[in-house]
Amino acid sequence: MDGLIAPLLNGSAQGALLLLAALGLSLTFGQMGVINMAHGEFLMIGAFSAYLVQQVITASGLSIPVALPVAFVVAGLFGLLLEVTIIRWMYRRPLDTLLVTVGVGLILQQAALQIFPSQGVPVEKPRWLDGQLTILGYSWPMRQLFTILLATVCVAALSAWLKYTSFGRRIRATVHNRDLAETTGISTRGIDRLTFFVGSGLAGVAGVAASLIGGTNSQMGAQYIIPAFLVVAAGGIGQLKGTVIAAWAVGVALAFFAYWTTGSLAQVLAFILVIVFLQLRPQGLFTVRTRSLA
Amino acid sequence: MTKKPWISLGGIGVFAVLLLAVAPLVLTDHWLNNLGKYCCWAIAAVGIGLAWGRGGMLVMGQGVFFALGAYAMAMHLTLETAGDRVPGFMVLYDPLAPLPMFWEPFRSAGFTLAAIVGLPVVVAGALGYALFKRRVKGAYFAILTQALAVALAVLISSTIRETGGDTGLSDFKYFFGFVLNDPANRLMVYLIAAALLIVCLLAVWQFYRSRFGELLVATRDAEERVRFLGYDPANVKLVAFVVSALMASIGGAMFVPIVGIITPAEIGAAASILMIAGVALGGRASLFGPALGAIAVGWGQSSLGSTWPDGWPYILGLLFIVVILFLPNGLSSLPARFAAARRKPDVPPTPVIAAAELEEVRS
Amino acid sequence: GARAGDDAAGAGSSAAASCVDTSGDTIKLGFLNSLTGGMAISEKTVSDVLHMAADEINADGGILDKKIEYVQEDGATDWPTFAEKTEKLLTQDCVAAIFGGWTSSSRKAVKPVVEKFNGLFFYPVQYEGLESSPNIYYTGATTNQQIIPAMDFLAAEGVKTLFLAGSDYVFPRTANAIIKLYAAKLGIKIVGEEYVPLDKDDWTSQVAKIAAAKPDFIFNTINGSSNVGFIKAYYDAGLTPAKTPIISVSIAEEEAPAMGHEVTGNYASWNYFQSLKTDTNPEFIKNWKAYPNSSGVTSDPMEAAYISLYLYKALVEAAGSFDVDAVNAAAKAKPITFDAPEGKVTLDGENHHISKPGHIGRINADNQFDIVWASDKFIEPDPYLEGYDWFPADIRKQLTDAAG
Amino acid sequence: MTDASLVVTDLRVEFSGFVAVGGVSFDAHPGEVRFLIGPNGAGKTTCIDAITGLTKGTGSARLGDTELLGRPVHKIVRLGVGRTFQTASVFDELTVLQNLDIAAGLHRSSVSLLRARRGVDRSIEQALEETGLAGEPATPAGILSHGQKQWLEIAMLLVQDAKVLLLDEPVAGMSHDERTATGELLQRIAARRIVLVVEHDMDFMRRFATRVTVLHQGRVLSQGTVAEVQADPQVQEVYLGTAGAATTAAMAVVLERED
Amino acid sequence: MLELTDIEAGYGRTQVLHRVTVPTGKVVAVLGHNGAGKTTLLRLAIGLIKPTKGRVFFEGENIASLAPNKRVARGMAYVPQGQQSFGQLTTMENLQLVADGRRRGKALIDAQLARFPALEKFATRKAGLLSGGQRQQLAIARALITEPKLLILDEPTEGIQPTIVAEIEHTIMQLAGEGISVLLVEQHIGFALEAAERYVVLASGFVTQTGEGGSAAASTVRAAMAI
Ligand SMILES: Nc1ncnc2c1ncn2[C@@H]1O[C@H](COP(=O)(O)OP(=O)(O)OP(=O)(O)O)[C@@H](O)[C@H]1O
Ligand SMILES: Nc1ncnc2c1ncn2[C@@H]1O[C@H](COP(=O)(O)OP(=O)(O)OP(=O)(O)O)[C@@H](O)[C@H]1O
Ligand SMILES: [Mg+2]
Ligand SMILES: [Mg+2]
């Protein structure tokens, strides 16, 4: 029994973090078709901004709540910068964005390594995240609950934004056919920038969460990027609910594998799992039907 | 699609002379050895050029096949060195246990060579068949292959007794009976690698000018449409993918005796992407681009990497950005551009690729 | 070329005649550390401290009146690159000796190359032992100078059950293999063993298992930033130093700050601590604090790197020459000793390791270590654990054969 | 060259409940230019999709005595069934010549695929001539204009020498004379092949159709000669248009297109 | 309204249009063979490609540098060739896309749904799944919702069933009547000229003929265009 509940929670928490990391991608990759390999580094930027906030607001109880929006904006601005300087020229060849952003990632990593202490910096967890909450006999670490909560909020906010404003529509239209969108009166440039800002900003938020769970250093982004992409892909491109489910599934799978096998094997198995899944459902969990060739 | 095939054939000739005759004369042992290493990457790069440049399959997991060849070779050399003893690194974890089963056949040189060729073909064949039949393409394909490479790297790192783990396999004394420390033999090994590179170039040269080459491009641009001409695009892509895997494997196999060590780091995400970097830099779709690009990147890592280590990541990063941004078809497209400026106008490359790719990413 | 069985086949006899140039009034040395990639996190400071040592030595006259002229190379966290750069340093830059490396993998990549070209390599990090090479000097601890003291400490604490947590690579695996052997002897029960890839920070699942196993102590051989994740997960799971303390062999003054208050109260086994009271330590600390872009704290690997250069100086001066064979001869001739920040250390001319004091420190609120245990005397290096009957002789034999 | 006919019986296509084609039957024979007309959304393209294996359909579509339904797309093509698309799609990156060469390639052995192309096949030259693309062999197909692309598609069908040509609005966007040229081309082709044309240009239909099938909401509304079909009040009702505000304009158009 | 004077334009290094001047007028028809450059001209009018030379004025202002969406904001609307719509969006979403942020957006949509029953019927279906003609109707509907001052139509009746062709042609006449100007590419010369106040004939990028509209012109134009 314990062998089920514990991994389930850990898994959900891991899934939540994965989801946070993937959420931004589901916009920039899922909706815009940009394969942003620097997303992991935006996450890192979020984490470092959390650290910097703590240098100003030393009361760690307060600093994290403040850090979240700050990280969102900072990472978002970096994303915006990337969009206006580079990505904007690349919409016509999505696969190439992958390579360009790999370059960006390299640069950001090295910069972080040189600017901050190479060993990384501490992000103090607020006291109110100390200890555990005991629900139905199981003690649930506050920090994990926090991650899950944060993820839930972000998903809700994002889906509301896409659903209740016309942005979702405009983004999809822009991606599907830029020229047509432009001639339909949509300011495609505006849409691009906004989407990229939000997508990258979400990475920043994920960074804060990550900084509370692991180390905050120049390398931290690297470990999230591939899983995040897998999650978006498995969820079905441009399918928010798919992303959510996939993230949770991968997280739990990781936890269970880790529980029953070794930490390394868990990584391998989880990857294999997703790959096999995509083998079976190449379009991911939820798919958009298109009339072939049309 | 090379307009003037015979010129490029001449080019290969010149390249061959440079690699096989000139380089050994002018380069120090150290740099010749490095060049040998770059050649191994170049061999893999040529394959990537075929799969990605012509086939539109962004193979980000060539590390997997590089590893197959490399580890096959490394296991053989390790056993050759260890003689009838169990390799040293295995002893500690379980001194009494025998050699793992899957090591045994690699004692035989013949089997090893067969494996270097056979393994990638089988694996890539199976993988490619599964993926392409299910019409996995574009970004999906890229990310999947990348994930595979990462998974394999982790797996190897964690199976220390079976594979040497993250330390990898190293300290080889012999290469099919030749003493590796003997300079003459090292030269021989280098020449083999260089020769293999030339062979691969010749192979793709023929591919590109063949009808298959055109069919491949057609499949890249409008996969669905190809069906209506009576071809199964899956098979077309499969051939290109398998060939590129084979080349990666060969590159990996030669990497081992030249560099003297193979580790999971050479097959993980970073390494696989670095291979792509070379191809992008040189020109994905051109004949020489990938090879030259790979050699250039390798050289940059060796030289710039040591004169200005802190700066190398910036340089590499900028390389990616600038080249992809301004020279989507790599440095090798520069001459063509100048020429085209005078020649009768043609299409700007970008808008046309667009549709196909966007399709891929969305669907 | 030569075939197997020719006399040339005898282990890499074709070592190129060294091209080291000792004519001028400078001597070239090579520093080889990962300045990029994952390990840069740890190795950057080591390279800095090497530079500092070189400057110091130059300041008071250099080695045999030759100023050190160092060539810094980047290992890029890539073992083949370590091999390539070693060859470059030896054959292109013609350095007299190379200093650096961190992971065992990097050392194992360098080893065949320095042996082939008969160069010198000084390795400054604690490692899993069971190795020795005429061309390598180890200034970090071998197992019997760090792991075994730690185990003795645990035994003294009356620990009955132990959980092993480590990164998934050669050092932790080997260390734990040895720990298990010794634990059996000490009557300590190993209640679990977990590994996570070096580059993964998330330890929650594994820590859950630890919590379930309720060990008296956790033996931590995790390396790099993965430690941060481990400590945070440990803290979250409600584990505390009071109930389930950790003893680490890779968390030092450098790493601790990144873990904030959550690591406080846990233990680490090292030979050197910044808090050590020795005659030379204060100056070492002072110089380092003064050194440009220094991290402000000193740690065991830094100290080991720092003294590796002084060890080389001592050796060369004893030999009166930079020639490798001469240096090795001098090492054997009479014991080399000198004052290191960790105390008066002595080189073992046979296995090229140095004697070291064993220390256990406990992490305090400002991420420094309060020393809670010290070995009664300096521990002689014993990489092959010949002095320990619980270590199976057959393994030792096979290892030495495989190496030889 | 073929006397086998294309016989479609009770063809049905459903899309998650929506019946796009509900039991359509018709046949087309060599030597006739068979037209398939009907309102937008009647199911014409879907019929072609089903016959060519692009979408799943039930019922039967036989060429001679080989059943087409249920085979993978490329197999069907190899049986000699070729089609064009309502929105022209050719290989933008390749030149006109290369496009044709690939189309011609399906009968080549896989070995010969690996050999380089020498010279230009007779069939390709012919196709270029017939479709008036003779001037453009080296132009990248991507920069051809809309109409030029459609001709290229027809040319591709010719070289892959399909027994059955299914043409989805082949003259859309062509000028009057170009339509005439295309129509005559189709008549020539039809002598030896089965030609099925989907079109909305009634003028074009009148001039070149031998027999016509009218679809409406996925069913056959009417079949017969042009005259018969035009006379059919139902057809006028749902398709040609008679009553309502449109009449005058429509008639005006129809009339003026007569010449 | 829209003035295009001495236009030179093309793609990359391909020059397609050579010193093209389009006469001004309420309804202007652009005629020509395949590849003549009609679409190119319209793409230029809406701003998808920029002229290398020449004047592009709208309501007396130079708009050469305006992005297409800005031009739409100023009252231009464009129906591209080839039944283009946003395949991933439903028919309704396609319409809302343009209706968004307009007063009476809802009413405008309903008006179009009334005009094209098929759209009403398939309102919730993904546009990519619509039939060709349905997509074309959708494209026109999108354009009309913006209540444009200038309507740019590239072969609007292509692939549409005769009854609706008539409907569309009727609509165009109507709109012209209401004082909306139209720039029209149309292969059905008869209708085009009937509707047009002025016309221009392009041949491989050069203007070969311009003149007053009206059925009378038909024969001269055919002569000009005969192959
Ligand atoms: N994949 C699909 N999913 C759902 N409905 C579809 C799909 N494909 C076609 N349809 C519907 O089937 C009906 C028939 O479409 P089809 O394209 O065959 O019409 P058509 O006769 O070709 O019309 P047009 O003359 O305008 O091209 C249309 O209502 C269309 O919306
Ligand atoms: N993207 C492009 N790049 C280069 N040249 C192009 C491009 N698109 C069109 N052209 C060229 O411009 C010329 C005019 O094309 P355009 O589409 O304007 O012709 P059109 O008059 O619209 O023909 P149609 O009646 O068939 O639509 C064509 O010959 C074509 O080769
Ligand atoms: Mg249709
Ligand atoms: Mg046009």
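From a predicted model like this one, the values you see are computed outputs, not experimental measurements. A, B, ... follow the sequence lines: proteins, then strands. Residue 1 opens every chain.
- Put simply, of C/Pro197, C/Gly260, C/Ala208, the one with the most heavy-atom pairs under 4.5 Å next to chain A is C/Pro197.
- Among the residues in residues 12-19 of chain A, those with a non-hydrogen atom closer than 4.5 angstrom to a non-hydrogen atom of chain C are A/Gln14.
- For the pair C/Arg173 and C/Tyr195, the cation-pi test (distance below 6.0 Å, angle within 45°) is passed.
- For the residue pair C/Ser299 / C/Tyr272, no side-chain donor-acceptor distance below 3.5 Å is found, with atom types taken as modelled.
- Residue A/Leu212 comes nearest to C/Lys232 through the heavy atom pair O-CD, 3.4 Å, listed as atom of the first residue, atom of the second, then distance.
- Looking at heavy atoms from C-beta onward, A/Pro7 lies out of side-chain contact with A/Phe257 at the 4.5 angstrom threshold.
- Taking every heavy atom of both residues into account, A/Leu273 and A/Ala253 meet most closely at CD2-CB, 3.9 Å.
- For a heavy-atom cut-off of 4.5 Å, chain C lies close to no residue in residues 37-58 of chain A.
- When each of A/Gln144, A/Met220, A/Met142, A/Lys125 is checked for heavy-atom pairs under 4.5 Å with chain C, A/Lys125 comes out on top.
- Within the 4.5 Å cutoff, no side-chain heavy atoms of C/Thr240 are placed close to those of C/Tyr235.
- Proximity to chain A (any heavy atom under 4.5 Å) is shown, for C/Glu193, by neither the backbone nor the side chain.
- Summarising the local packing, CZ of A/Phe78 is surrounded by 12 or fewer heavy atoms from other residues, nucleotides or ligands at distances under 6.0 Å.
- Most heavy-atom pairs under 4.5 Å with chain C, from the set A/Ile213, A/Leu254, A/Thr262: that is A/Ile213.
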Kindly indicate, with the supporting measurements, whether the criterion side chain to side chain contact (heavy atoms under 4.5 Å, CB included) is fulfilled by C/Leu50 and C/Ser308.
-> CA-CA 9 Å; C/Leu50 281 169; C/Ser308 65; 3.9 Å; yes

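- Options A/Ala210, A/Gly120, A/Ser264, A/Ala222 differ in how many heavy-atom pairs under 4.5 Å they form with chain C, and the most are formed by A/Ser264.
- Between C/Ile363 and C/Ile251, some side-chain heavy-atom pair lies under the 4.5 Å cut-off.
- The shortest distance between side-chain heavy atoms of C/Asn220 and C/Ile247 does not fall below 4.5 Å.
- Of the atoms belonging to C/Gln206, it is side-chain heavy atoms, and not backbone ones, that fall under 4.5 Å from chain A.
- Taking the side chain as every heavy atom from C-beta outward, C/Asn176 and C/Phe171 never approach each other to under 4.5 Å.
- Ring orientation note: the planes of A/Phe29 and A/Phe229 are nearly perpendicular, at an angle over 60° on the 30°/60° scale.
- The two residues C/Leu32 and C/Gln72 make their nearest non-hydrogen contact at N-NE2, 4.2 Å.
- Of all the listed residues (A/Gln219, A/Arg143, A/Gln109), the one sharing the greatest number of non-hydrogen pairs under 4.5 Å with chain C is A/Arg143.
- No part of C/Ser295 comes within reach of chain A, as not one of its non-hydrogen atoms sits under 4.5 angstrom from that chain.
- With a 4.5 Å cut-off on non-hydrogen atoms, A/Gln132 touches chain C through its side chain but not through its backbone.
- For A/Gln223, the parts lying near chain C are the backbone and the side chain together; criterion is any non-hydrogen pair under 4.5 Å.
- The two atoms that bring C/Asn33 and C/Gly101 nearest to each other are ND2-N, 4.3 Å, heavy atoms only.
- Among A/Ser118, A/Gly11, A/Pro117, A/Gly263, the residue making the largest number of heavy-atom pairs under 4.5 Å with chain C is A/Ser118.
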Could you walk me through whether A/Phe271 and A/Ile226 pass the side chain to side chain contact (heavy atoms under 4.5 Å, CB included) test, one step at a time?
-> CA-CA 9 Å; A/Phe271 273 146; A/Ile226 300 294; 3.9 Å; yes

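- Listed in order of number, the residues of residues 221-230 of chain C that approach chain A to under 4.5 Å between heavy atoms are C/Ser225, C/Val228, C/Gly229.
- Within residues 198-205 of chain C, the residues having any heavy atom less than 4.5 Å from a heavy atom of chain A are, in residue-number order, C/Asp199, C/Lys200, C/Asp201, C/Asp202, C/Thr204, C/Ser205.
- Looking at C/Pro257, the atoms closer than 4.5 Å to chain A (heavy atoms on both sides) all sit in the backbone: N, CA, C or O.
- Counting heavy atoms from C-beta outward, A/Leu230 and A/Val250 have side chains that stay 4.5 Å or more apart.
- Contact tally against chain C (heavy-atom pairs below 4.5 Å) for A/Gly214, A/Ser218, A/Ala255: the top residue is A/Gly214.
- The closest side-chain heavy-atom distance from C/Tyr267 to C/Phe217 is below 4.5 Å.
- Of the atoms belonging to C/Ile231, not a single heavy atom falls under 4.5 Å from chain A.
- The backbone N or O of C/Val249 sits less than 3.5 Å from a side-chain atom of C/Gln126, completing a donor-acceptor pair.
- Put simply, the side chain of C/Ser167 never gets that close to the backbone of C/Tyr169: no donor and acceptor are under 3.5 Å apart.
- Heavy-atom minimum distance, C/Pro241 versus C/Gly265: CB-O, 3.5 Å.
- Ranked by heavy-atom pairs shorter than 4.5 Å toward chain A, the options C/Glu194, C/Glu254, C/His261, C/Glu255 are led by C/His261.
- In this structure, A/Val123 and A/Ile64 have side chains that are in contact, with non-hydrogen atoms separated by less than 4.5 Å.
- If you look at C/Phe284 and C/Trp288, their ring centroids are not closer than 6.0 Å.
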